[in-house]
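Computed from a predicted model, the values in this text were never measured in an experiment. Letters go in sequence order (proteins before strands), and every chain restarts at 1.
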2 protein chains.
Amino acid sequence: MSTDRLSLIFSALADPTRRAILARLSEGEATVNELAEPFDISLPAVSRHLKVLENAGLISRSRNAQWRSSKLEAEPLREATEWMDRYRRFWDASFVRLDAHLRKIQHDSQDPGVKQ
Amino acid sequence: MSTDRLSLIFSALADPTRRAILARLSEGEATVNELAEPFDISLPAVSRHLKVLENAGLISRSRNAQWRSSKLEAEPLREATEWMDRYRRFWDASFVRLDAHLRKIQHDSQDPGVKQ
DNA sequence: TGTCTAATTAACCGATGCGTAAAATATCCA
DNA sequence: TGGATATTTTACGCATCGGTTAATTAGACA
C-alpha cells in the first residue's frame, strides 16, 4: 500500500504494452477499442493497463457517450527525467565538462591564493 | 522470459530501495554491507536488489578479497531518458516552440507559394 | 422497454517480486 | 586446517501482476 509517485511511474513504464499505448497516444487521443487493436490481448487486459497508466498520472480520461477517450499526460515523464537528471553527469559528456568546470570555480573561490 | 532492456531498466527503477542504492552509489563505490546499512531489510534482500540492478546494467561489480564492490553505470539511465525524449515536446516549453518551428519550416518548404 | 456497442469489474490462475531465515560459498588470516 | 567475515543461494510465504472468461455497467437508440 501507499506507493510513492516515482515508483508508480517507473513501474507503469516497465511494461512494453503500456509503453506502446503511450506511443500511440502521443499521436492523439484514442478509445479503449482503438488502443487495444494492435495487441492480441483481451479488452479487459488493455482496460487494466489504462488504469495503471491513469494511476501513475500518465494519461487522463474523458467520457463521450459510451466511449472513453485517453489522453497522454507527460508531466510524470518530466518528473522521471528530472529524477534521472541527478545522474546526467555520469553519462553526458557536456555535463561531465560542466561538472569539472563547477568544481574548478568552486575550488578557485574557496582557495583564492592557493599555491602550486 | 526474455524481457526487453527498457523494461528491465524501468522495473529496476520502480523500487525505492534500489533508487536509494543508486543514489548512494553516485557518491562512490560501496560494498554490500555498506549499501545495506541504511535499510532495515536483511542482507540477502539487498544482495538481490543488487542483482536486479546488475541485470539492468545499472551497476557493475568487482571483487576485492571477500568484499564485492558495486559501481554505478549510468548508461541505462541515458537509454531511459532517450526513450522519454520522444515525449519531451509534451512537457518542455522550449520543445513545444521547437516543434512549432519545425512544423512551420516544414510547411514552408513543402508549400513554397502557399496563399493566405 | 429492449437491444446494441463500449468498457469495466469480478473471479480466477500462474508467474514474478520482495521479504524472511537458514544454509552454502568465498576469501582472508592465525 | 579451522575460524571469522562477506556475500550469495535456497526454500519458503505472501502480495502483486498480467493474463483469461464471464458477468456487469453505461449510454445510444429504435
Review point. Pick the nucleotide of DNA chain C nearest each of A/R48 and A/S69; which residue has the one closer to the 5' end?
Key: A/S69

Exercise for review: Give a yes/no on whether any side-chain N or O of B/S42 is located under 4.0 angstrom from OP1 or OP2 of C/dG19.
Suggested key: no

Review point. Does a side-chain N or O from A/K51 land closer than 4.0 Å to OP1 or OP2 of C/dT9, or not?
Key: yes

Check your understanding: Quick one: is A/H49 getting a side-chain N or O under 4.0 Å of the D/dG19 phosphate, OP1 or OP2?
Key -> yes

Practice item. Give the rounded distance in Å between these two atoms: CH2 of A/W67 and C1' of D/dC29. Key: 11 Å

Check your understanding: Using a cut-off of 4.0 Å on non-hydrogen atoms, how would the nucleic acid contact of B/R63 be classed: base, sugar-phosphate, or nothing?
Key -> sugar-phosphate

Check your understanding: Does any N or O in the side chain of A/D15 come within less than 3.5 Å of the main-chain N or O of A/R18, such that one atom is a donor and the other an acceptor?
Key -> yes

Revision key, fill the gap. To the nearest angstrom, the CG-P distance between A/L35 and C/dA7 comes to 9 Å

**Study point:** Side-chain N or O of B/N33 closer than 4.0 Å to phosphate OP1/OP2 of D/dT7
**Key:** yes

Practice item. Could you please name the option among C/dT8, C/dC18, D/dT7 that lies closest to any side-chain atom of B/R18? Key: C/dC18

Exercise for review: Ignoring backbone atoms, establish whether B/R68 has a side-chain N or O less than 4.0 Å from OP1 or OP2 of C/dT27.
Suggested key: no

Practice item. Give the rounded distance in Å between these two atoms: CG of B/D40 and P of C/dG19. Key: 10 Å

Review point. Any chance the side chains of A/R88 and B/T81 put a donor and an acceptor closer than 3.5 Å?
Key: no

Check your understanding: CG of A/L25 to CG of A/L50: how many Å apart, nearest 0.5 Å?
Key -> 7.5 Å

Review point. Is B/A65 touching bases, backbone alone, or none of the nucleic acid, heavy atoms closer than 4.0 Å?
Key: sugar-phosphate

Practice item. May I have the distance from A/L50 (atom CG) to C/dA7 (atom P), rounded to whole angstrom? Key: 10 Å

Exercise for review: Measure from the side-chain N and O atoms of B/E37 to the backbone N and O of B/E34, and report whether any donor-acceptor pair falls under 3.5 Å.
Suggested key: no

Check your understanding: Of the nucleotides C/dT27, D/dT7, D/dT8, which has the atom closest to the B/R61 side chain?
Key -> D/dT8

Exercise for review: Send over the distance from B/Q66 CD to D/dG3 P, rounded to a whole Å.
Suggested key: 17 Å

Study note, to complete from the structure: Quick note, B/P44 side chain, CB onward, closest among D/dT8, C/dC28, C/dG19 is D/dT8

Revision key, fill the gap. When rounded to whole Å, the CG to P distance for the pair A/L8 and D/dC17 reads 9 Å

Review point. To the nearest Å, how far apart are A/N64 CG and C/dA6 P?
Key: 13 Å

**Study point:** Closest nucleotide among C/dG19, D/dT20, D/dG27 to the B/I41 side chain
**Key:** C/dG19

Review point. To the nearest Å, how far apart are B/E34 CD and D/dA6 P?
Key: 10 Å

Study note, to complete from the structure: Closest of D/dT7, C/dA26, C/dC18 to the B/L43 side chain is D/dT7

Review point. Quick one: do A/R19 and B/D4 make a salt bridge, cutoff under 4.0 Å?
Key: yes

Check your understanding: Hey, mind stepping through B/E54 and B/K51 against salt bridge (Lys or Arg N to Asp or Glu O under 4.0 Å) and telling me if it holds?
Key -> CA-CA 5 Å; B/E54 188 174 30; B/K51 178 162 285 183; over 6 Å; no

**Study point:** Sugar-phosphate only, base, or nothing, as touched by A/T31 at under 4.0 Å among non-hydrogen atoms
**Key:** sugar-phosphate

